[in-house]
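So the structure is just underneath, and the comments pick up after that.
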Amino acid sequence: MSSKWNPFNAVAPGGDMVKEVMKEKNKIKMPILSEDQKMAIQERLFESFNNQEIINITYFKGGNMYSVEGIIEKIDINTRKIVINSDIS
């Protein structure tokens with residue numbers, strides 16, 4: 001590799017740092033749900049589970065919102081986890 005590219009190679013690792021700073025800057029606070037909203041979500045989850053309907057779930061994790069779409073295979077109330085099969089055709 002030619003020495004004329006060395007200044008650009010020195011900056012390249014900084015690119016990862018910039019991405020990380022932007023990722024941290026874009027984080028949001030966890031949404032606060034009312035009891036009515038929680039009940040509505042719970043009802044919709046169980047309805048989708050019982051009817052084996054495709055559902056789109058948006059959830060908060062680590063300062064970001066994520067979405068997953070699929071069929072609920074299991075709802076574990078004790079661990080507060082939902083297993084979703086997102087391999088739908």
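This one's a predicted model, so the numbers in the text were calculated from it and none came from an experiment. Every heavy atom of this structure was used, including side-chain atoms; hydrogens, water molecules and symmetry mates were not. Along the sequence shown, residues are numbered consecutively beginning with 1.
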Decide side-chain contact (heavy atoms from CB on, under 4.5 Å) for F60 and I28; before the verdict, give the C-alpha distance in whole Å, the side-chain angles of both, and the deciding distance to 0.1 Å.
CA-CA 9 Å; F60 176 86; I28 61 171; 3.9 Å; yes
Please evaluate residues N56 and S67 with respect to the criterion side-chain contact (heavy atoms from CB on, under 4.5 Å), reporting the C-alpha separation (whole Å), side-chain torsions for both, the decisive distance (0.1 Å), and the verdict.
CA-CA 7 Å; N56 186 329; S67 289; 3.8 Å; yes
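I71 has its side chain out of reach of I55: every pair of non-hydrogen atoms, C-beta onward, lies at least 4.5 Å apart. Here the side chains of L45 and I82 are in contact, with some heavy-atom distance below 4.5 Å.
Within a 6.0 Å sphere centred on CE of M39, other residues, nucleotides and ligands contribute 12 heavy atoms or fewer.
Once rounded to the nearest 0.5 Å, the distance linking CD1 of I41 with CG of D36 reads 11.0 Å. The NZ atom of K81 sits 9.0 Å away from atom CG of D76, with the distance rounded to the nearest 0.5 Å.
Taken together through direct or relayed side-chain contacts under 4.5 Å among Ile, Leu, Val, Met, Phe, Trp and Tyr, V83 and V68 form parts of separate hydrophobic clusters. Under the 4.5 Å side-chain contact rule for hydrophobic residues, F49 and I77 share a cluster. Residues Y66 and I84 share a single hydrophobic cluster, defined by chaining ILVMFWY side chains whose heavy atoms lie under 4.5 Å apart.
The backbone N or O of E53 sits less than 3.5 Å from a side-chain atom of S48, completing a donor-acceptor pair.
What you find for I54 and R44 is that their closest heavy atoms are O-NH2, 4.2 Å. Considering every non-hydrogen atom in both K27 and G62, the closest pair reads CE-O, 3.3 Å. The minimum heavy-atom distance between I75 and I72, with the atom names listed, is CG1-CG2, 3.7 Å.
Between E43 and K38 there is no salt bridge, since no side-chain N of the basic residue sits under 4.0 Å from a carboxylate O of the acidic one.
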